[in-house]
Protein chains: 2
Amino acid sequence: MAASLSEQVYEKLFDMIVQKELRPGDRLPPEKTLCEMYSVSRNTLRAALNKLSALGFTETRQGGGTFVKAVDSNVYLNFFVPALLTHNPDLLELMQLRKAIETEAARSAAVNASEEDTAKLRTTYEECGRQAAKMDMYALAAANTRFHAIISEISGNRMLETLMRIINRMILPEMQDFLARQGEDIDSNYYHRIIMESIERHKPDEAAFFMDKHLALLIDRVKQYISAEKEKQE
Amino acid sequence: MAASLSEQVYEKLFDMIVQKELRPGDRLPPEKTLCEMYSVSRNTLRAALNKLSALGFTETRQGGGTFVKAVDSNVYLNFFVPALLTHNPDLLELMQLRKAIETEAARSAAVNASEEDTAKLRTTYEECGRQAAKMDMYALAAANTRFHAIISEISGNRMLETLMRIINRMILPEMQDFLARQGEDIDSNYYHRIIMESIERHKPDEAAFFMDKHLALLIDRVKQYISAEKEKQE
DNA sequence: TTTAATATAGTTGTAGAACAACTTTCCCTT
DNA sequence: AAGGGAAAGTTGTTCTACAACTATATTAAA
């Protein structure tokens, strides 16, 4: 079950990009040259380049050349939107992934947080309180998301931060609907406070523990909500 | 700034899939027919099909045809990968992400593990022991990776599992080098055992706790190793 | 009749040549 | 030195041909 030729060429170019032999901004050799390098026809080679650019690794300009792209994750979010239309994303799996990442992020945040960081976090925490008081569930969900996003920023780990941004964007609409129908969201405020305080007091294990509990509870609520919806339909 | 022809064709086919005119499992018309439908050459059409399949919407079998794929969460990971790879993560950030995901995976694994699962896990655990005894550090690293991969499989969360696969692929070469220079790896065996036993006894919090400690220790070791290397260079 | 092997037609993968569309480079004119 | 324009270079598209693989239909055997 050998992979197709174009797939093999794709893998090679992919590896070169991943291994930083080709860096963002670099221009790939012209197609003719690449054809000779890999001993394939131009059709085959172009299929490989096509895949690279479809996945966002490269960008091709007619007459100009093919360039390695420096990707910011937001570009990919645009691709998500249509993808979401074709499939109800498994919300629970996503939320579990989120729990994994945020728990670790909270731990690191408690280690790294500066005065500035905690001030920003507290501001957003208070914003959440205001929106909750106003009972504006959509604004509340957005503020909650910001609160969590800030923690992942403070963590200082760009990978955690980027993944969180992506996951949040995927989850947010559904969470907003969920919250709007629930009508209220009391516990979040409590947990947010003790998570924030743990971070302020530089207590990594505490922060991680509360974050884990906070999100586990949220997942349970969503589970209950989903199964209640199912019963309603029967 | 008109989009290229192949891009236009891609958009049309994409819309048909999103709008459910083409449903998962459906076979697209043969390329010849599609060429006539859109009045483009086969190369151009194939560029469009290529993009669809690169993004995971379709699957093409040589001689068989092109079929619409049932989009599952793994599709989203196609978008994660570039974001992950081009962010130039350093090893420590990756390992922290790994710690986050594996800790959560261990927790779920302890909930879900069947008899079969734990048997498989134990087999791999023993394999690790054999390689350690033989002092074959490269084989040991590979076996260790399998051990962890199995846990993420048992978790039952496809997102965790796939992310782990990706991360492991990125980390493995560096971990092999690290282990080879360290010369030995005693603690892993101890932690693997208690993690495995926690999963066998269906103790989620225990499994998570030990996994977290196991990987935190590993990260510390790598940190020491890196700073020692730096000193050596001065 | 059913089944299995085989031939046939249909479909995708790869190759190569040719030209169109667009960009970059270089040279010439001013 | 600056601007304009020709020339060379590069990617986009078309066309033809064949290889590699699959699905279907036909035929022969049980």
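First the proteins, then the strands, lettered A, B, ... as listed; each starts at 1. Note that the structure is predicted; figures quoted are calculated from it, not measured.
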(message) Using OP1 and OP2 only, check whether a side-chain N or O of A:R42 sits under 4.0 Å from C:dA15.
(response) no
(message) Measuring to OP1 and OP2 of C:dG13, would you say a side-chain N or O of A:S6 lies under 4.0 angstrom away?
(response) no
(message) Nearest whole Å is fine: how far is C:dA15 P from B:Q62 CD?
(response) 12 Å
(message) B:T103: which residues meet the side-chain hydrogen bond (donor to acceptor under 3.5 Å, both in side chains) condition with it, sequence neighbours left out?
(response) none
(request) Could you check B:R61 against A:G63 and say which one's nearest nucleotide on DNA chain D is further toward the 5' end? (result) A:G63
(message) Using salt bridge (Lys or Arg N to Asp or Glu O under 4.0 Å), reason through B:R193 and B:E197 one step at a time and then give a plain yes or no.
(response) CA-CA 6 Å; B:R193 204 191 72 236; B:E197 288 172 354; 3.5 Å; yes
(request) Anything under 4.0 Å to a heavy atom of chain B counts; send over the first and last such nucleotide of DNA chain D, read 5' to 3'. (result) D:dT13 to D:dT22
(message) Please tell me if A:S41 has a side-chain N or O lying less than 4.0 Å from either OP1 or OP2 of C:dA15.
(response) yes
(message) Once salt bridge (charged side-chain N to carboxylate O under 4.0 Å, His left out) is applied, what residue pairs with a partner in residues 38-49 of chain A remain, sequence neighbours excluded?
(response) A:E31-A:R42, A:E31-A:R46
(message) Can you measure A:Q8 atom CD to C:dT14 atom C1' for me and round it to whole angstrom units?
(response) 13 Å
(message) Please compare A:A47 and A:G64 by the position of their nearest nucleotide in DNA chain C and report the one closer to 5'.
(response) A:A47
(request) Quickly work out the A:N43 CG to C:dA17 C1' distance and round it to whole Å. (result) 11 Å
(request) Any pair with a residue in residues 141-163 of chain B that passes ring-ring contact (aromatic ring centres under 6.0 Å, His included), sequence neighbours left out, goes on the list, sorted by first then second residue, please. (result) B:F147-B:H192, B:H148-B:H192, B:H148-B:H214
(request) Using whole Å, report how far OH of A:Y10 lies from P of C:dG13. (result) 17 Å
(message) Can you pull out every salt bridge (charged side-chain N to carboxylate O under 4.0 Å, His left out) where at least one residue sits in residues 133-153 of chain B? Sequence neighbours excluded, please.
(response) B:K120-B:E153
(request) Would you jot down, in residue-number order, the residues of residues 26-34 of chain A having a non-hydrogen atom under 4.0 Å from DNA chain D? (result) A:R27, A:P30, A:E31
(message) Could you tell me if A:R61 sits above the aromatic ring of A:F67, with its cationic atom closer than 6.0 Å to the ring centre and no more than 45 degrees from the axis?
(response) yes
(request) Taking ring-ring contact (aromatic ring centres under 6.0 Å, His included) as the test, write out the residues that go with A:Y138, two or more places apart. (result) none
(message) Rounded to whole Å, how long is the line connecting atom CD of A:E7 with atom C1' of C:dT12?
(response) 15 Å
(request) Return the value, rounded to whole Å, for the distance between atom CZ of B:R46 and atom P of C:dT11. (result) 14 Å
(message) In whole Å, I'd like the distance from the CG atom of B:N50 to the P atom of C:dT12.
(response) 13 Å
(request) Go through the structure and list residues passing side chain to side chain contact (heavy atoms under 4.5 Å, CB included) with A:T66, not counting sequence neighbours. (result) A:L28, A:L49, A:T58, A:T60
(message) Test of understanding: with side-chain hydrogen bond (donor to acceptor under 3.5 Å, both in side chains), list the residues that count as partners of B:T33, not counting sequence neighbours.
(response) none
